[in-house]
2 protein chains.
Amino acid sequence: MSDSEKDRSTEEKIKDAARVVFHKKGFAATRTRDIAEEAGLNLALLNYYFRSKEKLFDIIMLETMMGFMGAMMFVFNDEGSSFEEKVEKTVSSYIDLFIKEPQIPLFIMNELQRNPEGLAGKLNIKSVLLNSVFARQYQEVMNRRGGEPLHIMQFVMSLMGLLVFPFMGRPMLKIIGDLNDEKFVTMMKERKKLVPVWIEAILSAG
Amino acid sequence: MSDSEKDRSTEEKIKDAARVVFHKKGFAATRTRDIAEEAGLNLALLNYYFRSKEKLFDIIMLETMMGFMGAMMFVFNDEGSSFEEKVEKTVSSYIDLFIKEPQIPLFIMNELQRNPEGLAGKLNIKSVLLNSVFARQYQEVMNRRGGEPLHIMQFVMSLMGLLVFPFMGRPMLKIIGDLNDEKFVTMMKERKKLVPVWIEAILSAG
DNA sequence: GTCTATATTTAGATAGAC
DNA sequence: GTCTATCTAAATATAGAC
């Protein structure tokens with residue numbers, strides 16, 4: 001029972017609980033008491049292990065951002081795969097991630113809006129996209145295609161929009177589209193095939 | 001000076017200030033003091049006019065939702081315009097709206113996630129999309145096109161993703177794409193032409 | 001209607017027993 | 001390390017003077 005309830009250290013229990021609650025409610029709406037309850041532990045232990053709500057949040061935020069950006073950057077800098085393969089791989093793995101943890105996109109966009117400087121510096125993601133293998137391959141695709149070139153950020157916005165938005169808009173989409181959870185997940189899985197095809201269509205459209 | 005600082009009633013001043021602060025920070029992170037300060041008024045007046053922070057928030061939320069959904073529903077139920085014209089009109093007017101008030105999408109998605117029941121009932125947006133003229137025209141386009149039919153919600157998710165996501169992801173996109181505000185707005189205006197073309201390409205892609 | 005001063009409630013943090 | 005009880009600070013709400 002190496003991974004059971006009893007085995008996880010108290011510190012890990014707190015972090016796991018904090019992740020759940022912060023992702024769901026964001027920093028401001030989260031009460032440390034909620035985290036303690038979610039962890040099945042005493043409130044005082046949060047401060048014993050992490051000093052303050054803010055320090056605990058910073059850790060969760062950093063780990064979440066690294067998980068979110070890290071996966072993409074690994075794929076984007078693989079010299080061995082084509083542009084099209086990178087798109088497919090990115091779409092597929094992010095959809096899997098967001099099916100498991102649907103609150104991540106909204107959580108990140110939110111906290112990044114509230115505090116744009118905070119983590120941007122620590123992770124220096126500044127030019128990590130523009131200098132990637134993916135960006136170079138994008139230019140090659142553009143040159144091959146000819147016609148009016150499309151700014152890479154227009155492309156990235158569209159890729160992320162197709163990929164990420166359904167999870168951010170999920171509550172609204174469920175209402176206006178009369179979808180239950182099962183149907184929603186089925187549609188997200190369908191998008192693994194659809195989005196890459198659409199991306200191709202967008203790039204060919206000029 | 002019918003629209004000047006002095007003319008607006010105190011109630012309007014509070015609502016305007018509340019809109020600004022709530023849109024920027026969300027419910028939990030907003031302090032009533034911030035609203036009072038933004039309005040240039042005394043804190044006690046908020047309770048005099050609106051009883052509580054929560055009631056004031058509900059009003060702002062309702063108005064924001066109605067502005068957001070209302071514009072779309074008006075276009076979507078126009079019998080006189082084609083499917084393609086509706087897409088163009090929707091894209092164009094939402095981009096204009098979000099350039100003026102960039103925080104709206106994130107604000108709505110957020111508060112809808114925190115409290116999905118809250119306003120959904122009041123506005124009964126449940127079948128307002130599926131029963132619209134737009135939905136009927138979408139089916140006609142699908143039939144004309146032939147091949148594997150695409151669920152209308154897959155289409156709506158994509159349209160909204162292309163349209164709305166850049167504004168929700170703005171802080172991140174500005175960092176990873178090294179964009180300033182001016183460049184960002186220029187790109188959003190470009191999308192008024194790009195998105196309808198891409199939508200066409202997506203529908204033709206099968 | 002508007003303000004100052006104050007009451008009340010809530011939530012983060014800590015002291016001290018075990 | 002963990003808990004109970006408590007302190008403190010912050011934020012919402014209200015009483016009462018003008």
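Predicted, not measured: the structure shown is a model, and the values here were computed from it. Values below: all heavy atoms of this structure, side chains included; hydrogens, waters and symmetry mates excluded. Every chain is numbered from 1, with letters handed out A, B, ... down the list of sequences.
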In whole Å, what is the span from the NZ atom of A:Lys55 to the P atom of C:dG12? 15 Å
Ring pair (Phe, Tyr, Trp, His ring centres under 6.0 Å) between A:Phe134 and A:Tyr138, worked out: CA-CA 6 Å; A:Phe134 182 79; A:Tyr138 176 81; 7.1 Å; no
Could you state the atom-to-atom distance from CG of A:Leu43 to C1' of C:dT14 in whole Å? 10 Å
Between P of C:dA13 and CZ of A:Arg33, the distance in whole Å: 11 Å
So with a 6.0 Å cut-off around CZ of A:Arg51, is the heavy-atom count from everything else above 12? no
Within the 4.0 Å heavy-atom criterion, would you say B:Tyr48 contacts the bases, only the backbone, or no part of the nucleic acid? base
Report yes if at least one side-chain N or O of A:Ser52 is closer than 4.0 Å to OP1 or OP2 of C:dG12; otherwise report no. no
May I ask you to say what A:Phe50 touches in the nucleic acid, namely base, sugar-phosphate or nothing, with a heavy-atom cut-off under 4.0 Å? nothing
Check the phosphate of D:dT2 against A:Thr10, side-chain N and O only, distance under 4.0 Å to OP1 or OP2. Yes or no? yes
Nearest to the side chain of B:Ala44, heavy atoms from C-beta on, is which of D:dA15, D:dA11, C:dA15? D:dA15
A:Lys25 and A:Thr30: side chain donor to acceptor below 3.5 Å: no
More than 12 non-hydrogen atoms from neighbouring residues, nucleotides or ligands closer than 6.0 Å to NZ on B:Lys192, yes or no? yes
In whole angstroms, the gap separating P of D:dA13 from CZ of B:Phe57 amounts to 14 Å
Whole angstroms only, please: what is the NZ-C1' distance between A:Lys53 and C:dG12? 8 Å
Check this one for me: any side-chain N or O of A:Asn42 less than 4.0 Å away from OP1 or OP2 of D:dC3? no
Less than 4.0 Å between a side-chain N and a carboxylate O, is that true for B:Asp58 and B:Lys53? no
If I take atom CG in residue B:Leu46 and atom P in nucleotide D:dT14, what distance separates them, rounded to the nearest angstrom? 12 Å
Return the value, rounded to whole Å, for the distance between atom CD of A:Glu54 and atom C1' of C:dA11. 14 Å
Using whole Å, what does the distance between atom P of nucleotide D:dA11 and atom CG of B:Leu56 come to? 17 Å
Can you work out whether A:Arg51 or B:Leu41 has the more 5'-proximal nearest nucleotide on DNA chain C? B:Leu41
For D:dA11, does OP1 or OP2 lie under 4.0 Å from any side-chain N or O of B:Arg31? yes
